[in-house]
Amino acid sequence: MRMIAVERLVSGMELAKPVFASDGRVLLRESVKLTDRYIRALRKLGVFYVYIQDAATVDVVVKDSVTPELAQEVLGRIRRVYQQMSDPKAAEQMLRSGTLGREFTQLFTMLFNELLRDDAFIFNMTSIYSSDAYLYKHSMNVGLYACVLGMAHGFSDHKLIQFGTGAMLHDIGKLAISPDILNKPGPLTEEERLEVQRHCEIGYQMLVNQPEIATVSAHCALQHHERVDGLGYPRGLSGQSIHEFGRILAVPDVYDALTSNRVYHQAMLPHEALEYLFANTGTHFDIQFVELFLRNVNIYPIGLPVQCSDGRQGVVARVNIAYLQRPVLLVMEEDGHPVKPYELDLAQVLDVTITGCELLEADPLSGLA
Ligand SMILES: [Fe+2]
């Protein structure tokens, strides 16, 4: 299978991975033959790229770190909680009874147990979602990244559950912000920007009184927009005065926002998002946690079409566990001429680098609230 920009799809191509709706439901199944109608629907859903199956890349297989069934259950439960929370009376009841904290502690534990089942443990996140799924998917994805990074950083299980539960709930305060502002396609006014920024304090206040949520977990909501240079919000904390949870969380929070389909921007490709992280290391992000991310998350998704510095083109075929930035490629073209596909291991051939990707360039940086 290989990834392809939705703009480049033509009818007759076969989907290699399903496309999900906001509640985790499958909108288009794996193996569906695409028609013009489906392609138009994908565009309308805000989907930027999909995986297709073709003869040349049939051996390129992507194994998700989380099964679609579990992702569907977790997303469905997140959605139910969020929808209940958007009614003020029901929200008060959920907060008072401690249901919010209990539910998310359980959801994070399910994700944690799922990741533990994978012995090779390379974190791949490849499922495609419509852009209206963002709020729920972002909660699940950031929980997954938190789990991977927390484990790699040596957190005990107890601390990992505190971190991961807080990570899944980091944006819960957005439920109190008007969706018209949150989903506004254009730039925000100063007043709107300040309104969005309130989600950190609001989320903290929601979580800090939850009996099953540790105060330190509530700090995930309060501190995930602080920056190491002190230019973040809400308090403008800098360096080590930002809690470790906040400094770790800033990295996957931004990465996931950049690589997701949103109403106001197309998804950035994973390696482009990583370049953004690098460019902002030491100002926005703590360098040790950007490095931790880099060591533990596979940023070149399997199936990504790439161009190399020596004129070869192909797709990412496999990951080198010890060297995530130098995957094994399946080369299909040399200097624009098709060749019989063969593998090229970039961990062995160090003078060749990945210089580009065939998918359309995205307009990445709008709206990182
Ligand atoms: Fe946020």
Side-chain angles (χ1 to χ4, degrees), residues 78-79 81-82 85-86 91 100 104 107-108 129 131-146 149 163-184 187-188 190-208 210 213 216-238 242-265 267-268 273 276-277 280 283-286 289-290 293 364-369:
I78 294 173
R79 183 170 182 254
V81 172
Y82 277 27
M85 291 279 295
S86 55
L100 180 72
F104 273 82
L107 289 175
F108 177 73
Y129 295 87
S131 62
D132 67 336
Y134 178 71
L135 201 58
Y136 320 121
K137 194 200 70 153
H138 184 60
S139 170
M140 180 177 78
N141 284 359
V142 172
L144 286 164
Y145 285 126
L149 299 177
F163 179 45
T165 306
M168 288 188 80
L169 287 160
H170 74 283
D171 265 347
I172 192 80
K174 282 194 176 168
L175 294 177
I177 311 288
S178 157
D180 294 343
I181 301 179
L182 287 179
N183 299 323
K184 186 178 165 186
L188 299 180
E190 180 61 11
E191 203 181 320
E192 288 166 340
R193 201 174 54 78
L194 293 173
E195 175 65 11
V196 171
Q197 291 188 357
R198 288 176 57 231
H199 79 275
C200 299
E201 304 255 17
I202 295 172
Y204 176 75
Q205 290 305 332
M206 285 178 175
L207 298 181
V208 79
Q210 285 291 286
I213 298 275
V216 74
S217 307
H219 274 82
C220 288
L222 188 62
Q223 298 200 18
H224 69 278
H225 286 291
E226 299 288 359
R227 297 169 44 123
V228 290
D229 62 6
L231 297 176
Y233 64 89
R235 290 188 286 173
L237 301 174
S238 62
I242 306 167
H243 190 276
E244 190 182 34
F245 284 3
R247 274 179 291 139
I248 302 178
L249 203 50
V251 180
D253 182 30
V254 168
Y255 182 84
D256 189 62
L258 291 174
T259 52
S260 297
N261 293 299
R262 306 287 296 274
V263 276
Y264 42 74
H265 72 85
M268 203 190 247
Y276 177 86
L277 297 185
N280 291 280
T283 49
H284 189 155
F285 308 110
D286 184 330
F289 297 128
V290 173
F293 188 87
L365 296 180
S366 44
L368 281 180

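Counting convention: from 1, in listed order, for ligands and their atoms alike.
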Novice: May I ask you to check whether H170 brings an N, O or S atom to under 2.8 Å from the Fe ion (ligand 1)?
Specialist: no
Novice: Can you check the angle at the Fe ion (ligand 1) formed by NE2 of H224 and OD1 of D171? Round it to the nearest 10°.
Specialist: 90°
Novice: Kindly determine whether H170 and H138 satisfy side-chain hydrogen bond (donor to acceptor under 3.5 Å, both in side chains), including the steps that lead there.
Specialist: CA-CA 10 Å; H170 74 283; H138 184 60; 3.2 Å; yes
Novice: Using a distance threshold of 2.8 Å, state whether an N, O or S atom of C200 lies below it from the Fe ion (ligand 1).
Specialist: no
Novice: For H199, what is the atom name of its N, O or S atom nearest to the Fe ion (ligand 1)?
Specialist: NE2
Novice: Rounded to the nearest 0.5 Å, what separates atom CG in D256 from atom OH in Y145?
Specialist: 5.5 Å
Novice: So does E190 pair up with R193, basic N to acidic O under 4.0 Å?
Specialist: yes
Novice: Can you check whether I213 reaches L169 side chain to side chain, under 4.5 Å on heavy atoms?
Specialist: yes
